[in-house]
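A, B, ... follow the sequence lines: proteins, then strands. Residue 1 opens every chain.
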Number of protein chains: 2
Amino acid sequence: MKIDYTYKYPRPAISVDNVMLGYADGALKILLVHRTNEPYSGKWALPGGFLHEGESLSECSVRILKEKTGLENPFMEQLYTFGAPDRDPREHIISVTYFVLINHFPVVENNAEKVDQVAWFPWSELPDVAFDHAAIIRVAIDRIRAKIRYSPLAFELLPEKFTLSQLQTLFEVILHQTLDRRNFRKKLLSMNILQELNETTTKKVGKPAVLYAFDKKKYDTMLQQQIYFEL
Amino acid sequence: MKIDYTYKYPRPAISVDNVMLGYADGALKILLVHRTNEPYSGKWALPGGFLHEGESLSECSVRILKEKTGLENPFMEQLYTFGAPDRDPREHIISVTYFVLINHFPVVENNAEKVDQVAWFPWSELPDVAFDHAAIIRVAIDRIRAKIRYSPLAFELLPEKFTLSQLQTLFEVILHQTLDRRNFRKKLLSMNILQELNETTTKKVGKPAVLYAFDKKKYDTMLQQQIYFEL
DNA sequence: GCAAAAGTGTTTAATATACACCCATGA
DNA sequence: TCATGGGTGTATATTAAACACTTTTGC
């Protein structure tokens, strides 16, 4: 049952939109949903929705994430709040955006029912997107570019076990520059935040690579000593 | 004339709150207003207000700034958006917060009329503040601490002409550590972003100090060459 | 002439950069 | 055995850190 809510002053609506970034096939990818309603019907857009009653902003972001992907505990942080009055043709809608890093790709099936079609797009081949979502995505990419240098974000985009080469390639893709393999390994290993596993990859080709895992305990110890991650 | 606005779903209200930081007498200070209305009547709070119809978030922040201080063009950036449903006892109010740096202290007189009493408080001697404003201030201070290291924020807090000692003391206050005078001067001067003026301070005591000004053109050139400010 | 703050260089340690060959595996 | 990607060390350059005395001014 719906009741009506009446206010003396006009109120903008509040939506939360997630920029969900994943890394696969050597590219950063962004999850978009295909709109089937107006406005911008037929265009792709960031997964988002309106804030529910009694819900906090981060709860809303988590809910949207779960609805679209089924994921529950990825890395999330608030990105920015967009509030230009004309950013939505319907009315003034404030969008609080979140930045989500995903380290494995959920089975994004068109799981029946009313769920919108969702798809991952490489950041270099984004379709035209609805609203001001292109600007939002730009802010997200700027954020990850800057922050991956001084924060252990990279590990949020890789599977739990990864090789140093995979880690290096991820940095190279995001920073858009090549890095020296020996210097990269020296630096990362000297930080003492990686746990070397007794496992190697089994590849079709080339020498098997040792697998590592990010060691959060070591990382926290490092922070307490006021030593900071920095590439 | 007020008309009523009716929505099918409840809508949180949206306010904008400014954390305005200034530097004087060797301390970072924060501008607070004294509340005379409920809730939290009698407590101090961040200057803020509700978003007007057709107004963007940054316009709202600028308007509030002008109302409280008369200032028009200080450095401003969005800080964070706070949206816990219980952060305001009246109802769900989302607060989009802005971070404002002020390099000279406006005459903050109780300029008649209905204007609330405003005052600058040193960050180490803040009174009990209303709502979740203590948390907001903490985020602002974390932001300036982190950002002053890699962004030329410090110049936004000093007058146009300043001495290297003043600049150094400002860094020391914000970072809460002492810096070596010779190394500090070497580093700042080698960045080539300061313009040496043909003026010196006239003090009661000690050797007069050469005045410098931040040279934004040189700084922009530096950025284009992908060289970044870093203390 | 003295108190107070400004200004100035050098030595050493730490960190960053550049660079090329051998190794282990699967086909 | 060869193609492929993994793994390793050293020399040099750059940057950071530590440190103490002289200068200029007002009183």
Side-chain angles (χ1 to χ4, degrees), chain A residues 23-27 148-150 154 158-159 161-173 175-213 222 225-231, chain B residues 23 25-26 148-150 154 158-159 161-173 175-213 222 225-231:
Chain A
Y23 173 67
D25 310 321
I148 203 172
R149 290 184 162 280
Y150 61 86
L158 290 175
K161 301 171 180 184
F162 51 84
T163 69
L164 287 176
S165 294
Q166 288 172 326
L167 185 60
Q168 180 178 341
T169 304
L170 173 57
F171 274 99
E172 290 177 333
V173 165
L175 298 177
H176 205 250
Q177 62 177 306
T178 59
L179 302 169
D180 180 86
R181 191 158 83 244
R182 280 170 291 192
N183 293 337
F184 180 83
R185 299 171 73 90
K186 236 182 299 175
K187 184 136 193 186
L188 267 290
L189 293 175
S190 74
M191 284 182 189
N192 197 32
I193 55 172
L194 296 182
Q195 189 186 353
E196 185 176 341
L197 304 175
N198 287 324
E199 292 179 66
T200 55
T201 51
T202 318
K203 298 251 200 62
K204 296 132 217 166
V205 74
K207 181 175 175 178
V210 173
L211 287 165
Y212 291 84
M222 185 175 127
Q225 297 164 352
Q226 306 224 353
I227 305 168
Y228 301 103
F229 181 94
E230 208 193 331
L231 191 69
Chain B
Y23 173 68
D25 310 320
I148 202 173
R149 290 186 161 279
Y150 60 86
L158 290 174
K161 302 172 180 184
F162 52 85
T163 69
L164 286 177
S165 295
Q166 288 172 326
L167 185 60
Q168 181 178 341
T169 304
L170 173 57
F171 274 99
E172 290 178 333
V173 165
L175 298 176
H176 205 250
Q177 61 177 305
T178 59
L179 302 168
D180 180 88
R181 190 157 83 245
R182 279 169 291 191
N183 293 337
F184 180 84
R185 299 171 74 90
K186 236 182 294 175
K187 185 137 192 185
L188 267 290
L189 293 173
S190 73
M191 284 180 188
N192 197 33
I193 56 172
L194 295 181
Q195 189 186 353
E196 184 176 341
L197 304 176
N198 288 323
E199 292 179 65
T200 55
T201 52
T202 318
K203 298 251 200 64
K204 296 130 218 169
V205 73
K207 181 174 175 177
V210 173
L211 287 165
Y212 292 83
M222 184 176 128
Q225 296 164 352
Q226 306 225 352
I227 306 169
Y228 301 103
F229 180 94
E230 207 192 331
L231 190 69

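- Residue A/Asp180 contributes atom CG, which lies 17 Å from atom P of D/dA11 at whole-angstrom precision.
- Proximity of A/Ser165 to the phosphate of D/dG6: a side-chain N or O atom is located under 4.0 Å from OP1 or OP2.
- Among all heavy-atom pairs drawn from B/Lys187 and B/Glu230, the shortest one is CE-O, 3.2 Å.
- With hydrogens and angles ignored, no donor-acceptor pair closer than 3.5 Å exists between the side chain of B/Arg182 and the base of C/dA6.
- With rounding to whole Å, A/Asn183 atom CG is found 14 Å from D/dT8 atom P.
- Between the CD1 atom of A/Ile227 and the P atom of C/dA14 there is a distance of 14 Å, given to the nearest Å.
- Rounded to an integer number of Å, the gap from B/Phe184 CZ to D/dA16 C1' is 15 Å.
- D/dT8 atom C1' lies 13 Å from atom CD of A/Glu196, rounded to whole Å.
- Comparing C/dT17, C/dG7, D/dT4 against the side chain of A/Val205 picks out D/dT4 as the nearest.
- The 5' end of DNA chain C is approached more closely, in terms of each residue's nearest nucleotide, by B/Tyr212 than by the other of B/Tyr212 and A/Gly206.
- OP1 or OP2 of C/dA16 lies within a sub-4.0 Å distance of a side-chain N or O belonging to A/Lys187.
- For the pair B/Gln168 CD and C/dA5 C1', the computed distance is 12 Å after rounding to whole Å.
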* **side chain to side chain contact (heavy atoms under 4.5 Å, CB included) assessment of A/Leu175 paired with A/Arg149** => CA-CA 9 Å; A/Leu175 298 177; A/Arg149 290 184 162 280; 3.9 Å; yes
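- Per the geometry, CZ belonging to B/Arg181 stands 12 Å off C1' belonging to D/dT23, to the nearest Å.
- Using a 4.5 Å cut-off on side-chain heavy atoms (C-beta onward), B/Val210 and B/Thr163 make no contact.
- If you check distances only, the side chain of A/Arg185 never reaches the base of D/dG7 with a donor-acceptor pair under 3.5 Å.
- Here the shortest heavy-atom pairing between B/Ile148 and B/Phe229 reads O-CE2, 3.5 Å.
- If you check distances only, the side chain of A/Lys186 does reach the base of D/dT10 with a donor-acceptor pair under 3.5 Å.
- Ranked by how close their nearest DNA chain D nucleotide is to the 5' end, A/Pro208 and B/Lys207 are led by A/Pro208.
- Atoms CD (A/Glu230) and C1' (C/dT15) sit 11 Å apart, rounded to a whole Å.
- Proximity of A/Asn192 to A/Met222: side-chain heavy atoms (C-beta onward) are nowhere separated by under 4.5 Å.
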